[in-house]
Amino acid sequence: MNKIIECQALNYSYQNNKVQTPVLSALNLVVHQSESLAIIGESGCGKSTLLNLLGGMSRPSTGKVMVNGFDLSQLNEEKVTLLRAQHLGFVYQFHHLLKDFSALDNVAMPLLIRGDDMQTAIKKSSKILADIGLQDRLNHKPAELSGGQRQRVAIARALINKPSCLLADEPTGNLDAKSAKEVLGLMMELNQQQKSALILVTHDMSIAKQMDRFLTLKNGTLI
Ligand SMILES: Nc1ncnc2c1ncn2[C@@H]1O[C@H](COP(=O)(O)OP(=O)(O)O)[C@@H](O)[C@H]1O
Ligand SMILES: [Mg+2]
């Protein structure tokens, strides 16, 4: 099975002025294609920091992060951005949709950015939104959608490029129980259909248990 994500002896400290805050230490991780993994841990233990490193938004202090076999430390900023756009999808606790754009335009955006023509982008985006039950909400702006619907649009946008791995940082943290269940079900369904890996950060044990496996981030490392 292909390794989608691999961390080797990962260390990370925040460095602000002269203050160093160590967060991750000697962390190893391998995630394969199609696998779903939950990462749990107390608030402030470094879960978001880890996802930022996996996505190449920040660079390790020492150690390695590999995405689809590419060592991120060997790539310049531009190549990392490209790798991220091609191989990774992100979902956050807050949806980060563009507020002045419709659901359809938000989902189409990554396709337009990578160079698809408008007609193709609209066709693919309408299909994925219909697949997740939002066919009647294509022209709604984020403010005109419920919290759960917004998060479903955010998931559609993250998955429209068929990434090898979806990185989700407390994606249901801001939703009521019913919407949380729907959004989680959707991510798991797409994980299975598209055979993409899913790495989900949560502090909800009942969610963590629904993944293939879960790891706890503690003292800077995964156990
Ligand atoms: N920009 C930053 N500068 C310094 N310390 C930070 C910064 N961002 C986060 N931290 C610290 O790093 C630790 C891990 O943060 P974070 O990864 O956001 O935790 P989690 O997502 O598990 O709640 C926390 O103790 C936090 O205070
Ligand atoms: Mg966090």
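Read the numbers this way: they start at 1 and go in the same order the structure lists the ligands and their atoms.
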What protein heavy atom sits nearest atom 13 (C) of ligand 1, and how far off is it?
Gly44 O, 3.4 Å
Is it true that Ser196 and Asn191 share a donor-acceptor pair across their side chains at a distance under 3.5 Å?
no
Indicate whether the side chain of Ser58 and that of Asn52 have a donor and an acceptor atom separated by less than 3.5 Å.
no
Residue, atom and distance of the protein heavy atom nearest atom 8 (N) of ligand 1 read Tyr14 CZ, 3.3 Å
Does a side-chain N-to-carboxylate-O contact under 4.0 Å join Arg137 and Glu144?
no
Parallel, tilted or perpendicular: which describes the rings of Phe90 and Tyr92, with under 30° parallel and over 60° perpendicular?
parallel
Check each atom of ligand 1 against the heavy atoms of Val23 and keep those under 4.0 Å away; list them by number with element.
12 (O), 13 (C), 14 (C)
Answer yes or no for atom 26 (C) of ligand 1: protein heavy atom present at a distance under 4.0 Å?
no
Could you tell me whether Asn16 approaches ligand 1 through its side chain, its backbone, both or neither, with non-hydrogen atoms closer than 4.0 Å?
side chain
Residue pair Asn11 / Ser61, side-chain donor-acceptor N/O under 3.5 Å:
no
Numbered atoms of ligand 1 (with element) below 4.0 Å of Ser43, judged on heavy atoms
23 (O)
Below 4.0 angstrom from a heavy atom of Gly46, which ligand 1 atoms are there? Numbered from 1 as shown, please.
14 (C), 16 (P), 17 (O), 19 (O), 20 (P), 22 (O)
State whether Ser48 contributes an N/O/S atom found under 2.8 Å from the Mg ion (ligand 2).
yes
Answer yes or no: is there a side-chain heavy-atom contact under 4.5 Å between Ile155 and Arg150?
no
Heavy-atom proximity to atom 17 (O) of ligand 1 ranks first, among Val19, Ile40, Thr49, for Thr49
Does a donor on one side chain sit under 3.5 Å from an acceptor on the other, for Gln33 and Glu35?
no
In terms of its nearest heavy atom to atom 18 (O) of ligand 1, the top option of Gly41, Cys45, Ser48, Ser13 is Ser48
